[in-house]
Amino acid sequence: MISYLGLGSNLETPIEQLRDARLAIAKISGIEEIAFSSLYRSPPMDSRVQPDYINAVMAIETDLSPLKLLAVMQNVENEQGRVRKERWGARTLDIDILLFGDEILNFPELCVPHYGMTERAFVLYPLAEIAPNLTIPKYGKLTDLVNRCPLDGLERLSDVI
Ligand code: ROI
């Protein structure tokens, strides 16, 4: 199954957090990297004062189940010393399962497509970079979502990781 992961960090040298996460994810058995977007910088999506985020999207091929995939991603977050005191607060590393093939999943701990992804520039733009022809279950064509989504300060970085 092809799955898309959203990665974000705004603490403890975010670019390194994303680089380390990419390497850790690619090493997991049952997961192969297919693509990794550019890095993007954006202001935090809520009004609270916290550092800018670095975000990216990674495409993987996996034979893990969705809940197993969630568990291994939470493990990567924890291994990288995730610090998060509050919901919506600053964090060292956040990994979201955005899509799992074209499946619609509603487990208590995992909803796919990821809620909110269809309105977030820091998800849609990197996703469109690596999968421009995607159709999102329930929401339609990715290009249409991108066209409707303001940049909100999103900036593509030239750093390659
Ligand atoms: N804002 C941006 N720009 N990027 C994120 O990854 C991000 N993640 C979050 C909240 C706090 C909602 N804001 C964000 O969880």
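Just so we're clear, the structure is a prediction, and the values are computed from it rather than from any experiment. Numbering of residues begins at 1 and proceeds along the displayed sequence. In listed order, ligands and their atoms are each counted from 1. Only this structure's heavy atoms are used, side chains among them; waters, hydrogens and symmetry mates stay out.
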When you compare ligand 1 with Asn55, is there at least one nitrogen or oxygen pair between them that comes in under 3.5 angstrom?
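The answer is yes, given that Asn55 and ligand 1 share an N or O pair closer than 3.5 Å.
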
Is Phe122 close to ligand 1, meaning an N/O of one under 3.5 Å from an N/O of the other?
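No - when backbone and side-chain N and O of Phe122 are compared with those of ligand 1, no distance drops under 3.5 Å.
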
Under 3.5 Å, which donor-acceptor pairs link side chains of residues 54-75 to any protein atom two or more places apart or in another chain?
residue : atom : partner : partner atom : Å
Asn55   : ND2  : Leu7    : O            : 3.2
Glu61   : OE2  : Met1    : N            : 2.9
Thr62   : OG1  : Gly30   : O            : 2.8
Thr62   : OG1  : Leu64   : N            : 3.0
Ser65   : OG   : Lys68   : N            : 3.1

Determine the minimum heavy-atom distance between Gly140 and Leu145, stating which atoms define it.
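Residues Gly140 and Leu145, closest heavy atoms: O-CD1, 4.4 Å.
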
Pro43 heavy atoms, cut-off 4.0 Å: which ligand 1 atoms fall inside?
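So the atoms of ligand 1 that pass are 2 (C), 3 (N).
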
Which of the ligand 1 atoms, numbered from 1, are nearer than 4.0 Å to a heavy atom of Ser42
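This gives 2 (C), 3 (N) as the contact atoms.
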
Can you see whether Gln80 engages Asp20 through a side-chain donor-acceptor pair at a distance of less than 3.5 angstrom?
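Their side chains do not contain a donor-acceptor pair, so the 3.5 Å distance test is not met.
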
What residues form a salt bridge (Lys or Arg N to Asp or Glu O under 4.0 Å) with Glu33, not counting sequence neighbours?
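Here the qualifying residues are Arg22.
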
